[in-house]
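What follows is a single structure, written as structure tokens, with notes after it.
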Amino acid sequence: MPQVARASLLTVPAPHPNPAPWTRSDPVAELLTHLTSVREEATPPNRPLPAGDPAEVLGTVDRLLGPPHLPGRGIGEAAALRRLAIALSGFGVDLRHPRTAAHLQAPSLPVAAAADALVSLANPSVDTYDSGPSGVAVERWVVRALAGLAGLGPSSDGVLTPGGSLSNLLGLLLARDTTAARRGINARQDGLAALPGPVVFCSELAHFSLHRACAALGLGESAVHPVPVDRHRRMRPEALVRELRALPDRRTPIAVVATAGTTDFGSVDPLPELAEIAADHDLWLHVDAAHGFGTLFSDRLSPLLAGITGADSITGDLHKLGWQPAPASVLLVADGGSFAPLSREVAYLNPSDDAAEGFGGLLGHTLQTTRRPDAVKIATSLLAYGRARLGAMVDHCHDLANHARDLVLAEPRLELLAEPTISTLLFRYLPAPGVDADAVNGALRRTLLRDARALVGRSAVAVEGAPTAPLTSLKLTLINPAAATEDLDAILAAVLDAGARAEADWKERYA
């Protein structure tokens, strides 16, 4: 029988007598054209976010959506899309705006967003071969590419996850089960009763998701053991060794977690030294590089992650310095056999005889079942831009952070709290003596939010030589490659103006 040729992708299918919404021709072009026009119409001019008080902004979106109940009859596709596009574009944060610098949220590469739309329209899953073979292949390709970028060997493997917090959870799950197995304990089958006093060592600046992960894994938040950092905000290896030697026999060390890019400072723990210590103590080394993984694209900054090849598992977020639509996180492991505790055979999904014939999926790599192929957008971007262009974007963001540092140092009303490592900068406004600086810095940021002139972040950091209590600080997270130095000038001018207003208000109230 002759093989039936597939229709061209440009062929318009014959209309169905009673067409469902997904049978219409060329939905991608129609959707993108409509959303682009509405978004440009709805986006407020030259503002990174909507101006006004929170209640006013949120109330406007609520009224735009209408009464909070499922309508008996819909308003139609175009009207619904338009309504939500106006809500998202007109009353959300514009990550493309060069004065958006508050969080580790990056503007999406257009090619990645287009690839993501294709995935949503196809709606495959990567848990099994017959849910989407191409998605399985693409994820395996992306994992190999990223593992190679990190310098992991041929036995490495990985999986895409819904975010860095979930990658950290999965990494610690594998660490827990590996540690238990070395002691003859099947943690998945028998629980943790035979694993006394678990301990996870990490920097005192490690991400809070580690506490959540330990709680979810039954280790308890008290398992997290913070190790002091040096003046560069990096975990002190000698302090870790001291803590390990002092650990009582009744405690069970589970893992060492190194941070490659702390949220506030961008600091990177000394990975080579920590890898050696973990190996000497037969401990799992997990590297939380959610922030810093993207530096591997850059010849200039990749030396920051020297030693990451000694990790047993690595978290990397490409929706940060990778400019992917969220989520785009990956957990890489040095040994693909580490995923064994997650393996499970389910008759209707992945029977062993099917898997033996090559019809397996990625079910045994994660706690999820149905899972969209988020690797497609990543693969599209890696192929489109390559390491050189992505690295140039990382370097530009680093240049912006250094320019912002120079501006802060040149302004007597601003104080630099830490040198930039990757692309974040911590600083604060200095009011006159006798004025509550913490209150003023908090108020000036709220002023910026209401005015919508610039979007900067806020944190509380301990500074050497400062009082015991952390200082309320301002933070620039510069991961928009479209921003320029003049945009930084405008952001800091807005900070100074808002600071002066907040200081005057404080004096009026309390002086």
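This structure is a prediction, so every number in the text was calculated from the model and none was measured.
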For residues 337-347, tabulate all N or O donor-acceptor pairs below 3.5 Å that involve a side-chain atom, not counting sequence neighbours.
residue: S338; atom: OG; partner: D335; partner atom: O; Å: 2.9
residue: S343; atom: OG; partner: A340; partner atom: O; Å: 2.8
residue: E345; atom: OE2; partner: S352; partner atom: N; Å: 3.0

Sequence neighbours excluded, every pair satisfying ring pair (Phe, Tyr, Trp, His ring centres under 6.0 Å) that has a member inside residues 161-183: none

Nearest atoms (heavy-atom pairs only) where P270 meets P237: CG-CG, 3.6 Å

Heavy atoms from other residues, nucleotides or ligands near CD of E276 exceed 12 (cutoff 6.0 Å): no

Taking only residues two or more places apart in sequence or in another chain, which ones pass side chain to side chain contact (heavy atoms under 4.5 Å, CB included) with A404? L425, L476, L478, L488

Look up atom NE2 in H319 and atom OG in S108, then write down how far apart they are to the nearest 0.5 Å. 10.5 Å

Salt bridge or not between E139 and R371? Use side-chain N to carboxylate O under 4.0 Å. yes

Short question: side chain of R233, backbone of G266 - any donor-acceptor pair under 3.5 Å? no

Checking D438 side chain against T472 main chain: does a donor-acceptor pair fall under 3.5 Å? yes

Within the side chain of T380, is there an N or O that forms a donor-acceptor pair under 3.5 Å with the backbone of A112? no

Where the side chain of R212 meets the backbone of S165, is there a donor-acceptor pair that is under 3.5 Å apart? no

Between CG of L174 and CG of L169, what distance do you get to the nearest 0.5 Å? 9.5 Å

Heavy-atom nearest pair, G360 first then R140, reads O-NH2, 4.1 Å

Using 0.5 Å steps for rounding, measure from the CG atom of L430 to the CG atom of L414. 7.0 Å

Taking all heavy atoms of Q324 and all of S381, pick out the closest pair and write down the distance. NE2-OG, 2.8 Å

Could you go step by step and tell me if S267 and T421 meet the side chain to side chain donor-acceptor pair (under 3.5 Å) rule? CA-CA 6 Å; S267 50; T421 301; 5.8 Å; no

P253 vs L247 side-chain heavy atoms within contact, under 4.5 Å: yes

If you measure from the Lys or Arg side-chain nitrogens to the Asp or Glu carboxylate oxygens, is any gap between R188 and D177 under 4.0 Å? no

Side chain to side chain contact (heavy atoms under 4.5 Å, CB included) with P373: of L160, V136, I378, V126, only one passes, and it is V126

Count the heavy atoms belonging to other residues, nucleotides or ligands that lie under 6.0 Å from CZ of R182, then report whether that count exceeds 12. yes

Contact summary for F265 and A418, nearest pair of heavy atoms: CD2-CB, 3.5 Å

Whether D288 side chain and T315 backbone form a donor-acceptor pair below 3.5 Å: no

So, using side chain to side chain contact (heavy atoms under 4.5 Å, CB included) as the criterion, who are the partners of E357 when residues are at least two apart? F359

Would the distance check show the side chain of D269 and the main-chain N or O of M235 forming a donor-acceptor pair, the cut-off being under 3.5 Å? yes

Report the residues that fulfil side chain to side chain contact (heavy atoms under 4.5 Å, CB included) with P412, sequence neighbours left out, ordered by chain and then residue number. none

Do the side chain of S459 and the main chain of V461 share a donor and acceptor less than 3.5 angstrom apart? no

With A255, which residues qualify under side chain to side chain contact (heavy atoms under 4.5 Å, CB included), at least two apart? L172, A175, W284

For A289 and I314, the nearest pair of non-hydrogen atoms, with its separation, is CB-CG2, 4.3 Å

Is the shortest side-chain heavy-atom distance between F293 and V287 below 4.5 Å? no

The side chain to side chain donor-acceptor pair (under 3.5 Å) partners of R99 (sequence neighbours excluded) come to N46

If every non-hydrogen atom of P272 is compared with every non-hydrogen atom of G307, which pair is closest and at what distance? CG-CA, 3.9 Å

Is it the case that the side chain of H291 and the backbone of T263 share a donor-acceptor pair, with hydrogens and angles ignored and the cut-off at 3.5 Å? no

Check ring pair (Phe, Tyr, Trp, His ring centres under 6.0 Å) between F208 and all other residues, then give those that pass, not counting sequence neighbours. none

Nearest 0.5 Å, what's the NZ-CG distance between K475 and D264? 4.0 Å

For residues T477 and H103, is any side-chain donor paired with an opposing acceptor at under 3.5 Å? no

Does the side chain of S167 come under 3.5 Å of the side chain of T161 through a donor N or O and an acceptor N or O? yes

Just grab all the ring pair (Phe, Tyr, Trp, His ring centres under 6.0 Å) pairs involving residues 215-246, residues at least two apart or on different chains. F201-H225

Side-chain heavy-atom pair V224, C202 within 4.5 angstrom cut-off: yes

Measure the spacing between CG of L195 and CG of L219 and express it to the nearest 0.5 Å. 7.5 Å

Side-chain (S120) to main-chain (D116) donor-acceptor, under 3.5 angstrom: yes

For side-chain contact (heavy atoms from CB on, under 4.5 Å), just list the numbers for V376 and L118, CA-CA rounded to whole Å, side-chain angles, deciding distance to a tenth of an Å, and then say yes or no. CA-CA 9 Å; V376 170; L118 289 173; 5.9 Å; no

A side-chain contact here means heavy atoms from C-beta on lying under 4.5 Å apart; do N480 and T100 qualify? no

Using side chain to side chain donor-acceptor pair (under 3.5 Å) as the criterion, list what pairs up with D487, not counting sequence neighbours. none

Rounded to the nearest 0.5 Å, how far does CD1 of I254 lie from OG1 of T178? 10.0 Å

D249 atom CG, over 12 foreign heavy atoms within 6.0 Å: no

Do M393 and L109 have side chains that approach each other closer than 4.5 Å (heavy atoms only, starting at C-beta)? yes

Hey, mind stepping through L321 and H398 against side-chain contact (heavy atoms from CB on, under 4.5 Å) and telling me if it holds? CA-CA 11 Å; L321 286 174; H398 183 238; over 6 Å; no

Under the rule for side chain to side chain donor-acceptor pair (under 3.5 Å), what residues qualify as partners of R389, not counting sequence neighbours? none

Looking only at atom types and distance, does a side-chain atom of R236 sit under 3.5 Å from a main-chain N or O of V227, one as donor and one as acceptor? no

Taking the side chain as every heavy atom from C-beta outward, state whether T259 and H207 have any pair of such atoms under 4.5 Å apart. no

N402: side chain to side chain donor-acceptor pair (under 3.5 Å) partners, not counting sequence neighbours: R405

Is the shortest heavy-atom distance from the side chain of V257 to the side chain of N168 under 4.5 Å? no

Pairwise side-chain contact, S473 with L471, heavy-atom cut-off 4.5 Å (strictly under): no

